[in-house]
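Let me begin by presenting the structure, written as structure tokens, before commenting on it.
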There are 2 protein chains.
Amino acid sequence: MNKAKQKSDVFQRSNIPLYIQVASTLRRRIEQGRWKLGDKISSIPELEAEFGVARITIRQAVDNLTSEGLLSAKQGKGTYVTKEPEETRWMTLEIGLSSLLQTIEDNVPKFLKVENPPSPRLGPRGGELADEYVFLRSVQLKNNSPYGLVNVHIAKSVYDMSPEDFKTRTALAVLTELPDIKIGQAHQTLIISAAEMETAHLLKVDVNTSTAEVRCVVRNDQNIAIYIAEIIYRGDCIRFDIELL
Amino acid sequence: MNKAKQKSDVFQRSNIPLYIQVASTLRRRIEQGRWKLGDKISSIPELEAEFGVARITIRQAVDNLTSEGLLSAKQGKGTYVTKEPEETRWMTLEIGLSSLLQTIEDNVPKFLKVENPPSPRLGPRGGELADEYVFLRSVQLKNNSPYGLVNVHIAKSVYDMSPEDFKTRTALAVLTELPDIKIGQAHQTLIISAAEMETAHLLKVDVNTSTAEVRCVVRNDQNIAIYIAEIIYRGDCIRFDIELL
DNA sequence: CTCAATTTGTTCGTATGTATG
DNA sequence: ACATACATACGAACAAATTGA
């Protein structure tokens, strides 16, 4: 007969459950340092009022964070922060070819078999496609957990110069060591995206979790793209450092 | 008495609704070019099998994308892609102070009033805090829609050199024009994050939508941080271009 | 032209999750 | 904790349009 909900005007109606929105808002506040370890967070009535949602919704959010170990609620006292959120941004992306190589030098790629290799896509920057490419896919690991998925097209003529190396090591590292290769241009693009099914599975995250998609195109002195990489990083474990001067 | 669902092993049980996960997976496939404009996508029974979800769930996802104009289903025939996804990444982030200034030069910031300014946080790179800061918050607009939220701490001694300018123009641009300021170091860090409530509201996106968080610290020749900015961009409208050579 | 296979559209029943008051 | 409503998701069956043999 009459409407039941429709309350929150703070959280717009995206159809993702309210209690999850509340939970991630609280989590962000802790990560940002607005509430620190040991602090008492706002009371449930306060949160009710601030977010404009029902009590149970707040409770459900708090319960979630409690089972993560982030919060601890005590009757008659309040709810306290019981854990420092971990810093997971240990993967630092670098500017410049040499420093980029340093960071990926001792990465151990785990190569995967590929059934239907996609055709290489060049970005808007152009360059020309080679006649034929070899496609490689690998997962980058750190402490046995995956943080990046690499899809690389290498010009076949280049690949054939040292196939054994390309099968076992990071392609970009091999590439720069080949004596007969002259690099004309090297360009990188980063966008923020979301993991689709297959990627999510390989990176062991949920579908639609945010990712950083890096496209790297290396061209030789004849402007032919000899290396086209698409690297998808877990959004939660990378950091980009840039000196501006 | 008996369990009803529990089917999908493809989509892990994050509690965000299945049909949304399916919808965004399909959307990603179109964006990635796996299904192009005019293509017929997999049939509903195929998708059912691939994702391991019920028919209604697929339908709900397809309906969603249909009302976005991305898909169009025809009885007896199939479901077709009816729209090229738009390229929205028109905000290009730059490396290097001079090119950074160029891109933000004609941005029109809309300044906001702030009740309780947060205290400035320095990153791990260090430097020293000034005695006192002025806090400014502004929203960056393009075509009347917000794409970035800027929180800046400016050392009060610097702010006082040209308060009128700082109140109306982009702070970094003003800063570099001040004659008595010698910049020692300028450093930027980018991480991928998610919009919390207030940010989401100002940027007009849903809570928890992915964002790019850029921290920029400028120090003078005495290693004092005179400019500490935290800029939060909508994740879906920025692109980072880097020449590697 | 008819038939069968394929594909989307619709509906019923049921169980569980989300959110309000 | 309770009563209520609406949303999500499963399963199964059937209807309607399209296509090609």
Side-chain angles (χ1 to χ4, degrees), chain A residues 1-27 43-68 73 75-76 197 206-208, chain B residues 1-27 29-30 35 38-83 197 206-208:
Chain A
M1 205 123 295
N2 41 7
K3 73 281 141 181
K5 50 176 80 171
Q6 214 67 331
K7 199 184 174 192
S8 163
D9 50 335
V10 185
F11 296 114
Q12 7 265 38
R13 267 273 152 274
S14 70
N15 344 4
I16 102 158
L18 262 184
Y19 75 97
I20 292 185
Q21 298 186 48
V22 173
S24 47
T25 300
L26 298 180
R27 194 185 296 106
S43 71
I44 293 188
E46 280 168 356
L47 292 172
E48 268 180 65
E50 182 180 3
F51 297 150
V53 298
R55 173 157 288 196
I56 297 193
T57 309
I58 303 284
R59 295 206 60 86
Q60 217 166 341
V62 171
D63 286 351
N64 264 232
L65 299 181
T66 301
S67 66
E68 280 179 31
Q75 252 197 58
M197 212 182 54
D206 290 340
V207 168
N208 230 20
Chain B
M1 210 123 293
N2 41 6
K3 74 283 138 182
K5 48 176 81 171
Q6 214 66 333
K7 198 184 173 193
S8 164
D9 49 336
V10 186
F11 297 114
Q12 7 267 38
R13 268 269 154 274
S14 69
N15 348 8
I16 104 159
L18 261 186
Y19 75 97
I20 293 184
Q21 299 186 46
V22 173
S24 48
T25 299
L26 297 180
R27 194 185 295 105
R29 288 192 180 174
I30 295 169
W35 291 319
D39 281 3
K40 182 184 157 190
I41 73 169
S42 307
S43 73
I44 295 186
E46 278 169 356
L47 293 172
E48 271 179 59
E50 182 181 1
F51 297 151
V53 299
R55 175 144 241 212
I56 298 193
T57 310
I58 303 285
R59 292 203 54 83
Q60 217 166 341
V62 170
D63 285 351
N64 264 226
L65 299 181
T66 301
S67 66
E68 282 179 29
L70 260 180
L71 293 179
S72 165
K74 268 157 210 150
Q75 223 185 99
K77 289 193 70 179
T79 305
Y80 295 82
V81 179
T82 50
K83 196 165 75 174
M197 211 181 55
D206 291 340
V207 167
N208 229 20

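Below, chains carry the letters A, B, ... as their sequence lines are ordered, and counting in each starts from 1.
Taking atom CG of residue N64(B) and atom P of nucleotide dA9(D), one finds them 11 Å apart after rounding to whole Å. With rounding to whole Å, L47(B) atom CG is found 8 Å from dT8(C) atom P. Going from atom CD of Q60(A) over to atom C1' of dA1(D) covers 15 Å, rounded to whole Å. L18(B) places its CG atom 12 Å from the P atom of dT18(C), with the value rounded to the nearest Å. Taking atom CD1 of I16(B) as the reference point, atom P of dT8(D) lies 11 Å away to the nearest angstrom. Going from atom CD1 of I20(B) over to atom P of dA7(D) covers 13 Å, rounded to whole Å. Nucleotide dA19(C) holds its C1' atom 13 Å from the CD atom of Q21(A), rounded to whole Å. Counting to the nearest Å, the C1' atom of dG9(C) and the CD atom of E48(B) are 13 Å from each other.
The side chain of R55(B) approaches dC14(D) more closely than any other nucleotide in the set dT18(C), dC10(D), dC14(D). The side chain of I56(B) approaches dC12(C) more closely than any other nucleotide in the set dC12(C), dT20(C), dT7(C). Nearest to the side-chain atoms of A54(B) among the listed nucleotides dA19(C), dT8(C), dG11(D) stands dG11(D). Of the candidates dT8(C), dT18(C), dT8(D), the closest approach to any side-chain atom of Y19(A) belongs to dT18(C).
For the pair T57(A) and dT18(C), the criterion of a side-chain N or O lying under 4.0 Å from OP1 or OP2 is not met.
Residues that satisfy the side chain to side chain contact (heavy atoms under 4.5 Å, CB included) test with T66(B), not counting sequence neighbours, are V62(B), L71(B). For K74(B), the side chain to side chain contact (heavy atoms under 4.5 Å, CB included) partners two or more places apart in sequence, or in a different chain, are S72(B), K77(B). Considering only residues two or more places apart in sequence or on other chains, S42(B) meets the side-chain hydrogen bond (donor to acceptor under 3.5 Å, both in side chains) condition with none of them. Listed by chain and residue number, nothing satisfies the side-chain hydrogen bond (donor to acceptor under 3.5 Å, both in side chains) test with N64(A) (two or more places apart in sequence, or in another chain).
At a threshold of 4.0 angstrom between heavy atoms, the contacts of I44(B) are confined to the sugar-phosphate backbone, with no base atom among them.
For dA1(D), there is no paired base (Watson-Crick or G-U wobble, both distances below 3.5 Å).
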A correct 5'-to-3' footprint of nucleotides 16-21 of chain D, with B, S and - meaning base, sugar-phosphate only and no protein heavy atom under 4.0 Å, is BBBS--
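A salt bridge does not link K40(B) with E46(B): none of the charged nitrogens is closer than 4.0 Å to a carboxylate oxygen.
Side-chain atoms of Q21(A) come within 3.5 Å of backbone atoms of I16(A) as a donor-acceptor pair (strictly under, hydrogens ignored).
Counting only residues at least two apart or in different chains, salt bridge (Lys or Arg N to Asp or Glu O under 4.0 Å) contacts with residues 55-70 of chain B comprise R27(B)-E68(B), E48(B)-R55(B).
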